[in-house]
Amino acid sequence: MKNVAVIGAGTMGNGIAHTFAQSGFKVQLIDVSDNALKKGIETITKNLDRMVAKESITESQKAETLSNISTFTNINEGVEYASLVIEAATENIDLKLKIFKQLDDACPEDTILATNTSSISITQIASVTSRPEQVIGMHFMNPVPIMKLIEIIRGYNTSDDITKTIMELSKTLGKIPVEVNDYPGFVANRILMPMLNESIETLYNGVAGVHEIDTVMKLGMAHPMGPLQLADFIGLDVCVSILNVMYDGFKNPKYAPCPLLVNMVNAGKLGVKSGEGFYDYSESRKAEKIAKQFIK
């Protein structure tokens, strides 16, 4: 397995492409526009430059990594020779089902189809293909080149052989794969998202401020970043999407997104990517300045 196609050149997609290319795989990075692909390659280049500066890789390794990546705006052309396709598009079920229908038609019969979804049912995604036994979840963590975990999610029909293949493949990337079953939110987000949501509820109810909540969790629970900062980093719109998937899947009100979170997303306050969430990122991407609306 040396040819890997990645659908989506955004934060997760370019990180996945970077990781495979650095490990010696030929990567076909696919997105709908040349501009998105250009931004994706620029991000990969910047991240490689940081690695060179830290002396974790050499200039020649950087050049080799970039040479392993080719770009496409046409899915059919990009997946023509792929042994594995990893979909890393927006966390939207209708979009993912459309992509997987197209992949099923365009890919060779033995191609494994994986999704980087953080919450959506692998079984549902697989149901629109003629190869549900070859569909699997590979939930990478952000930032992909650094984070070691990959959640490997088996759909209802995912075969033992495909699961074993993807588990072993993940190890060749220097990652630690953990196999989980297909339920809303899987393991990572089923535990993480309610914690983030409860942190937002705590702010919403006036128990404490942004800085205080994050400080309690960092100093008291040894978290590397506070939950409100982490929500900003993930993207508040992504948090809402994942919570809604779990709420719809379990019909349990504990997964319903906090009204404050919903209002912030509706107002376009999405966190780091929009320049403001619980913190103000207009001057720095670091969570150093609390957003004006949360200053007492």
Could you note down all residue pairs passing side-chain hydrogen bond (donor to acceptor under 3.5 Å, both in side chains) where [range] supplies at least one of them, sequence neighbours left out?
range            : value
residues 240-251 : none
residues 35-48   : Asn47-Arg50
residues 287-296 : none

Is it true that a side-chain atom of [X] and a backbone atom of [Y] form a donor plus acceptor pair closer than 3.5 Å?
X      : Y      : result
Asp31  : Ala36  : no
Asn14  : Ala9   : yes
Glu151 : Ala188 : yes
Gln134 : Thr111 : yes
Ser127 : Gln124 : yes
Lys269 : Ser274 : no
Asp237 : Leu270 : no

More than 12 heavy atoms of other groups within 6.0 Å of His211 NE2: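 Counting neighbours around NE2 of His211, 12 or fewer heavy atoms of other residues, nucleotides or ligands fall under 6.0 Å, so no.
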Crowding at NZ, Lys2 (>12 non-hydrogen neighbours, <6.0 Å):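 Check passes, neighbour count above 12.
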Least distance between heavy atoms, [X] atom then [Y] atom:
X      : Y      : answer
Pro177 : Ser170 : CB-CB, 3.8 Å
Gln61  : Thr58  : OE1-N, 2.8 Å
Leu243 : Pro194 : CD2-N, 4.5 Å

Name each donor-acceptor pair under 3.5 Å that joins a side chain in residues 252-262 to protein atoms two or more places apart or in another chain, with its distance.
{"unit_1": "Asn252", "atom_1": "OD1", "unit_2": "Lys254", "atom_2": "N", "d": "3.0"}

From [X] [atom1] over to [Y] [atom2], what is the distance, rounded to the nearest 0.5 angstrom?
X      : Y      : atom1 : atom2 : value
Ser118 : Asn189 : OG    : CG    : 5.0 Å
Thr90  : Lys96  : OG1   : NZ    : 7.5 Å
Lys164 : Asp160 : NZ    : CG    : 10.0 Å

Measuring only between side-chain heavy atoms, which start at C-beta, is [X] closer than 4.5 Å to [Y]?
X      : Y      : value
Glu168 : Met1   : no
Glu133 : Ile162 : no
Asn68  : Lys26  : yes
Ile99  : Leu95  : yes
Leu29  : Leu37  : yes

Hey, can you pull the donor-acceptor pairs under 3.5 Å for the side chains in residues 71-85, sequence neighbours left out?
{"unit_1": "Asn74", "atom_1": "OD1", "unit_2": "Asn76", "atom_2": "N", "d": "2.9"}
{"unit_1": "Asn74", "atom_1": "OD1", "unit_2": "Glu77", "atom_2": "N", "d": "3.0"}
{"unit_1": "Asn76", "atom_1": "OD1", "unit_2": "Gln102", "atom_2": "NE2", "d": "3.4"}

Residues Thr65 and Gln22: side-chain donor-acceptor under 3.5 angstrom: no
Side-chain H-bond candidate by donor/acceptor type, Asp182 with Thr123, under 3.5 Å: yes
Cluster check [X], [Y]: I/L/V/M/F/W/Y, side chain < 4.5 angstrom:
X      : Y      : value
Ile93  : Tyr156 : no
Ile30  : Leu113 : yes
Phe186 : Met193 : no
Met12  : Val272 : no

ring-ring contact (aromatic ring centres under 6.0 Å, His included) contacts touching residues 276-296 (sequence neighbours left out): Phe278-Phe294
Working for side-chain hydrogen bond (donor to acceptor under 3.5 Å, both in side chains), residues Thr117 and Glu91: CA-CA 6 Å; Thr117 180; Glu91 194 74 348; 2.7 Å; yes
